[in-house]
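Every number for a ligand or one of its atoms is a count from 1 in the order of the listing.
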Amino acid sequence: MSGSRKRREEDRSDSAAGPPGSPPSGDLKAENEALKKEITALKERLAERERCEASLKECDEKYRILFQSLDDGIVINDSGGVITEWNPAMEGIFGITKEQAVGHTIPEISSLCTPCDTRSRGEEDWVRSVIDRMDRQVSSQPRFPFVEIPIMRPDGTFRIIEARNFSFKVRGDTFDGRIVRDITGRKKAEELSRENKEELNNLIESSGDAILLTDEEGRITKFNKAQERLTGLTADQVLGLPAWEFQASRSSPKGPGLDPLTWYKEIWDRLLHDENDQFYRQIVEDEIQSTSGVVHHVQVRAFRIPTRKGFRIGAIVRDITELKRTEVALLESEEKYRTLIEMSPDAIVIHDGGIILYANPATAHLFHASHPENIIGRDAFTIIHPDSQAISKTVAEKDKEGISTLPTEIQVIRKDGTIMTVEGRGRRIQYQGKPAVEVILRDVTERKKSEQQLREYAAHLKRSNEDLELFAYIATHDLQEPIRGIVAYSQLLLAECRPDHSSETKKYLENISRDGLRLNTLVSDLREYLRVRSGGRPFAPTDMEKILQDTLHTLHREVTERRATITHDPLPIVQADCSQMIQVLQNLLANAMKFQQKGIAPTVHVSASSLDGMWQFSVRDNGVGIPKGYFEKIFILFERLYPRDTYPGTGLGLALCKRIVERHGGRMWVESEEGRGSTFYFTLPVNPPESSV
Ligand code: ADP
């Protein structure tokens, strides 16, 4: 039997006996009245109780709904630590069902959620430490704050929760509870926001552009490294400063005028307070002077960051000093290039597959057009002579591919039908964003004509030179015979001269004989000179040291008599006509000793060095030297500086040497100072030209 039914039956038996203090049973009416009253009171009590029960039920229902539908997890345990309540939110947070939790203790359930990194310490330790932390908070704070706890759910997913203890009493029994909140998402968002902030900061700091940020009052809150580099100021020096003050302090002398502070303040006022102001949308150019006095040309772009209090302002400043410089240089170079092209006497044309895209005035002239514009779009190949079509197309193809080509001669047909020779060279370029070929054409018709004339003239000259040499050779040969006759007969006549002959006759005959002999020497010198080419031998490896030794051997008497000292450096082996080399060294050494200074023994040094594919020989002496004006003259045949009785000789030696050296493809010259000696130089090619061999 239930408790409530038993109570009702007791109530009924109580009322039959009459309530304590009721009128005696004899007075039925009164008794009845009393009974009625009691019944009414009883009914009221009953109704009250039912109302209470209904209210309690309603309360219980509300609590249930709340308990079931709360986003926060709620767990309640009895004084023995056994879980009695576990709401659906707890199931969602921990991944543990109500059935799994109710009836178990908190430490038992907590041990299912130990995070990996704490497992090594033992699940029990971890659970105990968490409970301790929560208990400490309970005892230390009147309103318990949430304790943050990382957990690993049984399904292996990681969560961060925060929990708060509470406790309450029901009919003398104490119950403990915990409100648990899953803050994994919030934590992630916080971390993301922190990361974003860091990223943004790194981005601003590492930006090549100078960046500045202000608060809603225009005070500088951010000043990145690029700003420091640009201005020479450190962030510490400017943080908190009104931006216009900073800007005014760094304005260039050519900047906004006499009062930069007012100027910049106005701009910043508009930026910060005038919603309709569009300044921040523009890119403006300005100048900034760094602390070291360097003026930087900059491009500034401001932006607004709307906040509850107004706008924060950001400014990105790009240093375009180099860009400006390059721009100016580019304009100058473009100007130079354009004038050069327009003034060029050569035709300069840009084409794509022969179609003319650009032509300079000289090209128009070449095409007999009144203006370069008139030939744009025309096919350049239409004016090329059929004989030059193939080569022109091949070269144009190579140019287009970027293969380097050599200057090519082609023939083009003029408007009047005459043919002109042009030399052209092309290169691939970018024109109006597309690859094209730029060609320079030079009218070489006249040059070709002159070259041809020159070639004919040279051939003619060579022929007449050869004829002349042959003539001179024959003439000298034929002259020798009569000269010898003159000398012989004059000497015969002298021998037959009787003592009574006048001394005049004798003197005349002696003169004839002496001049005849001299004429003979001159003629044989001339023959020797001519024989340098006609009688020369082929070149062969010639050891110049050996040649020098042979020469010294020949000049032995001369060297001894003059007490000359002749030294030399190592001398090379050259490709040469050996006997002609002996002639060269012999003449130079003989002269070096012959033209000695009075009372000073000759000192001669021979050396050689290699220079740009040539051997350069030198013969240096300490003789009388040569006056400057005669450096060229002395190499002319029979040219001499002194009378024969001062220094004997015919003036053949140096002319002969020069002719020999030139036959070998070299050249000869002298450097000298009067009274201080002379140095004769001659060169010989390391590899002599085939023709001279
Ligand atoms: P030659 O020796 O027969 O006079 P060269 O042709 O050898 O003829 O020399 C021409 C002239 O050059 C000489 O007469 C002399 O005046 C000058 N000369 C040549 N070699 C030397 C030298 N080593 N020092 C000074 N003068 C020189």
**Student:** Output the set of protein residues with a heavy-atom contact under 4.0 Å to ligand 1, ordered first by chain identifier and then by residue number.
**Tutor:**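 Residue list for ligand 1: Asn591, Ala592, Lys594, Phe595, Asp621, Val624, Gly625, Ile626, Ile634, Glu639, Arg640, Leu641, Tyr642, Gly649, Thr650, Gly651, Leu652, Gly653, Leu654, Ser678, Phe680.
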**Student:** Identify each donor-acceptor pair in which a side-chain atom of residues 564-572 lies under 3.5 Å from a protein atom, sequence neighbours left out, and give them as a table.
**Tutor:**
from	atom 1	to	atom 2	distance (Å)
Thr567	OG1	Val604	O	3.4
Thr567	OG1	His605	ND1	2.7
Asp569	OD1	His605	NE2	3.2
Asp569	OD2	His605	NE2	3.3

**Student:** May I ask you to establish whether Arg640 and Tyr647 are in a cation-pi arrangement, using a distance under 6.0 Å from NZ or CZ to the six-membered ring centre and at most 45° from the ring axis?
**Tutor:** no
**Student:** Test of understanding: with salt bridge (charged side-chain N to carboxylate O under 4.0 Å, His left out), list the residues that count as partners of Arg325, not counting sequence neighbours.
**Tutor:** Glu322
**Student:** Please enumerate all residues that pass ring pair (Phe, Tyr, Trp, His ring centres under 6.0 Å) together with Phe471, with sequence neighbours excluded.
**Tutor:**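 None.
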**Student:** Out of curiosity, Leu589 CG to Glu558 CD, how far, rounded to the nearest 0.5 Å?
**Tutor:** 10.5 Å
**Student:** Find out whether the Lys NZ or Arg CZ of Arg667 is both under 6.0 angstrom from the six-membered ring centre of Phe682 and within 45° of the ring's axis.
**Tutor:**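 That pair does not qualify as a cation-pi contact.
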